[in-house]
Structures are given as C-alpha cells and as structure tokens.
Amino acid sequence: MAERPKIPGPAAELAAEFAGTMILILFGVGVVAQVAAGGIGDHDSIAWAWGLGVTLGVYVAGRLSGAHLNPAVTFALAVFKGFSWRKVLPYMLAQTAGAFVAALIVRWNYTEVLAKVDPGHTIKTQGVFSTLPGNGTLPVHTWGALRDQIIGTAILLFLILVLTDLRNSPPLANLTPFLIGLVVVAIGMAWGTDAGYAINPARDFGPRLASFITGYGGAWRDQYGELYFWVPIVGPLIGALVGAGLYQALIGRFLPDEPEPEPAAPVPAEPAAKTA
C-alpha cells in the first residue's frame with residue numbers, strides 16, 4: 001500500500017519561510033556588500049543576484065510553505081486569496097528572522113572590507129544592509145521613496161499573481177520560481193533609483209536591525225537624519241494590496257473558475273510554488 005504524502009505542519013512551513021528568506025538575503029545583501037565594500041561588480045550584478053536569490057529561495061521553500069518570503073506577499077494573499085489570517089504574523093516573523101540571520105552572516109563575513117572602506121560604519125555603507133531614499137545620494141526624500149515602494153511592490157504582486165494563478169495558464173511548476181526571479185531582476189533594473197527596490201519589509205527590516213546591533217548606529221535614519229525605516233515596511237504593504245487588487249480587477253475576475261486541464265505527463269509533476 002502506497003504511503004500517504006506528508007502534509008506540512010506549521011513548524012515545517014515556518015522553517016521553510018525562514019530558510020527561503022535566509023537564502024534570498026544571503027545572495028542579495030551579499031552581492032551589495034561585494035560591490036560596495038569590495039568594489040567587485042556593479043548595478044547589474046546586484047539586480048541579477050537579487051533575482052537569483054529570489055529564485056533559489058522559492059525553490060527552497062515552495063513545497064512546504066508556498067514560498068512567500070515577503071510579508072507583503074503574505075498580507076496580500078490573506079486579503080485576496082484566502083490565506084489563513086492566523087498564519088500571517090508567524091509567516092512574517094519567520095521571514096524577518098531569516099533575513100536577520102542572513103544579514104548577520106554577511107556582516108560577519110565582510111567585517112574586514114567594511115571596516116576598511118568605512119571604519120565608522122556610517123551611511124556610506126549602510127546601504128549594504130538596508131535601503132535609503134535615492135540610494136543615499138540622489139535628491140529623493142521620504143514621500144518620493146514611499147511612492148516608489150508602493151509602485152514597485154504593486155508591480156511585483158500583480159506579476160506574481162499572473163504567474164501563479166492556475167486559471168491563467170501559468171508556467172510549468174518548475175519554471176515559476178525562475179520567472180518570479182526575473183520579475184525581481186526587471187524591477188531592480190527599472191525601479192531601483194528612488195528607494196533601492198526593497199519591495200519586501202522583511203528584506204529591509206531584518207538586515208537593518210542586524211546592522212544596527214553590529215555598529216551602524218544610524219541604521220534607522222536616512223541621509224537627511226529623518227526616521228526612514230518605516231518606509232520600506234509601509235510602502236510594500238500598501239503596494240501589495242494595490243497590485244493584488246489590480247490583478248483581481250483587471251484579470252482575475254474575468255478568468256474561468258476552473259483551471260484549464262493540463263496535458264498528461266509521463267511522471268507526476270511537482271506542485272507549483274505559490275508565491276515569492
């Protein structure tokens with residue numbers, strides 16, 4: 001008699017969200033540290049590494065938790081897609097913890113080069129760990145950065161739902177994480193100027209906290225001295241609702257209730273990763 005497949009429990013789901021977000025941040029924050037502190041690479045390598053980090057993180061967590069890896073994604077799925085509200089806060093905490101631990105690893109590994117480039121651990125290298133308006137140099141302030149985060153996250157959620165809605169001819173299961181990673185690459189290349197495309201509260205807050213407790217005393221403020229940490233939290237949460245709402249209004253409500261039947265496959269297909 002065939003053994004029944006195991007259904008992931010809450011602990012497995014949270015472990016997957018922690019691990020998937022940790023992988024995402026190890027590549028994302030790691031590449032920024034390499035470019036900013038080591039002088040190796042450029043904006044394009046940053047965009048590609050973040051996108052690949054998302055792809056790999058989704059592959060890590062997709063089977064067990066759906067691979068949200070982002071509190072904004074979790075929030076939008078609870079509002080629009082029936083994701084359990086009792087899981088929202090635990091998912092968010094697991095994602096933030098994964099980002100925090102990953103950032104601590106990057107901070108430790110790049111200790112020497114960060115100290116060489118920026119001995120005082122100032123705003124000069126704060127952008128390795130968390131985002132700043134105008135990337136710390138361009139004339140963008142709080143409200144411009146908030147606008148940017150709303151738009152960027154709206155694009156992200158709209159396209160995540162396009163790629164994962166089973167009624168909308170989604171890509172094959174094993175290709176979905178790669179395409180979601182390409183979405184992040186494209187956002188980084190097109191929407192990275194005004195606020196560093198955090199588009200993920202855990203991605204920003206976890207590393208920001210890690211940098212603060214390891215010597216970056218100004219981590220909560222921007223280059224103008226204003227409290228900024230809330231912008232990459234509030235902006236993505238609003239943007240996620242905007243993007244998911246637009247998908248529902250423009251695409252989702254017109255799709256048939258049942259997905260199109262898939263052609264028979266010679267071997268059982270892996271279930272698709274739901275989100276990123």
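This chain uses plain numbering: 1 for the first residue, then up along the sequence. What you see is a predicted model; the values in this text were computed from it and never measured.
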**Student:** Any chain of hydrophobic side-chain contacts (each under 4.5 Å) joining Ile123 to Val32?
**Tutor:**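 No; tracing contacts between hydrophobic side chains, which count when under 4.5 Å, never links both residues.
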**Student:** As an exercise, state the distance from CG of Leu26 to OG1 of Thr21, rounded to the nearest 0.5 Å.
**Tutor:**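 Here the rounded value is 10.5 Å.
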**Student:** Can you check whether Leu52 reaches Val184 side chain to side chain, under 4.5 Å on heavy atoms?
**Tutor:**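 Counting from C-beta outward, Leu52 and Val184 never come under 4.5 Å.
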**Student:** Give the C-alpha distance, both sets of side-chain angles, the deciding distance and a yes or no for side chain to side chain contact (heavy atoms under 4.5 Å, CB included) between Val35 and Asp42.
**Tutor:** CA-CA 6 Å; Val35 172; Asp42 54 19; 5.6 Å; no
**Student:** Going by salt bridge (charged side-chain N to carboxylate O under 4.0 Å, His left out), name the pairs with one or both residues in residues 232-251, residues two or more places apart or in two chains.
**Tutor:**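 Passing the test, one end in residues 232-251: no pairs.
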**Student:** Counting only heavy atoms not in Trp108, do more than 12 fall under 6.0 Å of its CH2?
**Tutor:**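 Atom CH2 in Trp108 is not packed in, count stays at 12 or less.
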**Student:** Same cluster or not: are Phe18 and Val88 linked, directly or through other Ile, Leu, Val, Met, Phe, Trp or Tyr residues, by side-chain heavy atoms under 4.5 angstrom apart?
**Tutor:**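 Yes.
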**Student:** Heavy atoms, side chains only, cut-off 4.5 Å: are Val128 and Tyr110 in contact?
**Tutor:**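 A side-chain contact is absent here, since even the closest heavy-atom pair is not under 4.5 Å.
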**Student:** How far does CD of Gln126 sit from CZ of Arg208, to the nearest 0.5 angstrom?
**Tutor:**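 Gln126 atom CD to Arg208 atom CZ measures 6.0 Å (nearest 0.5 Å).
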**Student:** Find out whether His141 and Tyr228 are in side-chain contact, i.e. whether some heavy atom of one side chain is under 4.5 Å from a heavy atom of the other.
**Tutor:**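 Not in contact.
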**Student:** Looking at every non-hydrogen atom in both residues, tell me the closest pair between Asn70 and Pro201 and how far apart they are.
**Tutor:**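 Shortest heavy-atom separation between Asn70 and Pro201 comes out as OD1-CD, 3.4 Å.
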**Student:** Measuring from Leu138:CG to Leu132:CG, what's the distance to the nearest 0.5 Å?
**Tutor:**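 CG of Leu132 is found 11.0 Å from CG of Leu138.
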**Student:** Are Leu161 and Leu255 co-members of a hydrophobic cluster defined by side-chain heavy atoms under 4.5 Å apart?
**Tutor:**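 Looking at the clustering, Leu161 is in the same group as Leu255.
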**Student:** Mind listing the side-chain donor-acceptor pairs of residues 229-248 below 3.5 Å, one per line with the distance, residues two or more places apart or on another chain?
**Tutor:**
unit_1	atom_1	unit_2	atom_2	d
Trp230	NE1	Leu227	O	3.2
Tyr247	OH	Asp165	OD2	2.9

**Student:** With rounding to the nearest 0.5 angstrom, report the CG to CD1 distance, Leu179 to Ile160.
**Tutor:**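 CD1 of Ile160 is found 12.0 Å from CG of Leu179.
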**Student:** Could you tell me whether the side chain of Trp85 reaches within less than 4.5 Å of the side chain of Val79, counting heavy atoms only?
**Tutor:**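 When only atoms from C-beta onward are counted, Trp85 and Val79 do touch, with a gap below 4.5 Å.
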**Student:** Scan the side chains in residues 145-156 for donor-acceptor partners under 3.5 Å anywhere in the protein, sequence neighbours excluded, and list what turns up.
**Tutor:**
unit_1	atom_1	unit_2	atom_2	d
Arg147	NH2	Asp194	OD2	3.3
Gln149	OE1	Ile199	N	2.9
Thr153	OG1	Gln149	O	2.7

**Student:** Can you tell if the side chain of Tyr197 reaches within under 4.5 Å of the side chain of Trp50, non-hydrogen atoms only?
**Tutor:**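 Contact flag for Tyr197/Trp50 side chains = yes.
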**Student:** Under the side chain to side chain donor-acceptor pair (under 3.5 Å) rule, collect the residues that match up with Thr122, sequence neighbours excluded.
**Tutor:**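 For Thr122 the side chain to side chain donor-acceptor pair (under 3.5 Å) partners, ignoring immediate neighbours, are Asp118.
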**Student:** For residues 212-222, which side-chain N or O atoms pair as donor and acceptor with protein atoms under 3.5 Å away, sequence neighbours left out?
**Tutor:**
unit_1	atom_1	unit_2	atom_2	d
Thr214	OG1	Arg107	NE	3.1
Thr214	OG1	Ala210	O	2.8
Thr214	OG1	Ser211	O	3.2
Tyr216	OH	Thr125	OG1	2.7
Arg221	NH1	Gly225	O	2.8
Asp222	OD1	Tyr224	N	2.8
Asp222	OD1	Gly225	N	3.1
Asp222	OD1	Glu226	N	3.0

**Student:** When you compare the side chain of Ile180 with that of Leu69, does any pair of heavy atoms fall below 4.5 Å?
**Tutor:**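 Counting from C-beta outward, Leu69 and Ile180 never come under 4.5 Å.
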**Student:** Could you check whether any side-chain heavy atom of Arg203 comes within less than 4.5 Å of a side-chain heavy atom of Thr131, counting everything from C-beta outward?
**Tutor:**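 Yes, at least one pair of side-chain atoms sits under 4.5 Å.
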**Student:** Taking it one step at a time, do Phe158 and Ile251 satisfy side chain to side chain contact (heavy atoms under 4.5 Å, CB included)?
**Tutor:** CA-CA 10 Å; Phe158 186 94; Ile251 304 296; 4.1 Å; yes
**Student:** How close do Gly181 and Thr55 get, heavy atom to heavy atom, and via which atoms?
**Tutor:**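 Taking every non-hydrogen atom into account, CA-OG1, 3.3 Å.
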**Student:** Verify the neighbour count for atom NZ of Lys81: are there more than 12 heavy atoms of other residues, nucleotides or ligands below 6.0 Å?
**Tutor:**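 Count over threshold, so yes.
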**Student:** Could you tell me whether Phe80 atom CZ has more than 12 heavy atoms of other residues or ligands within 6.0 Å of it?
**Tutor:**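 Yes, enclosed.
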**Student:** Restricting to non-hydrogen atoms, name the atom on Ala37 and the atom on Val113 that form the minimum distance, rounded to 0.1 Å.
**Tutor:**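 Heavy atoms of Ala37 and Val113 come nearest at CB-CG2, 3.9 Å.
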**Student:** Consider only side-chain heavy atoms of I, L, V, M, F, W and Y, link residues closer than 4.5 Å, and tell whether Leu14 and Leu77 are in one cluster.
**Tutor:**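 Looking at the clustering, Leu77 is in the same group as Leu14.
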**Student:** List the atom pairs, donor and acceptor, that lie under 3.5 Å between side-chain atoms in residues 89-105 and the rest of the protein, sequence neighbours left out.
**Tutor:**
unit_1	atom_1	unit_2	atom_2	d
Tyr91	OH	Glu13	OE1	3.4
Tyr91	OH	Ser65	O	3.1
Gln95	NE2	Glu17	OE1	2.8
Gln95	NE2	Thr74	OG1	3.1
Thr96	OG1	Met92	O	2.9

**Student:** Could you tell me the separation between the CZ atom of Phe129 and the CG atom of Asp204, rounded to the nearest 0.5 Å?
**Tutor:**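 CG of Asp204 is found 12.5 Å from CZ of Phe129.
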**Student:** Nearest 0.5 angstrom please: His68 NE2 to Asn200 CG, how far?
**Tutor:**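 The CG atom of Asn200 is 12.5 Å from NE2 of His68, to the nearest 0.5 Å.
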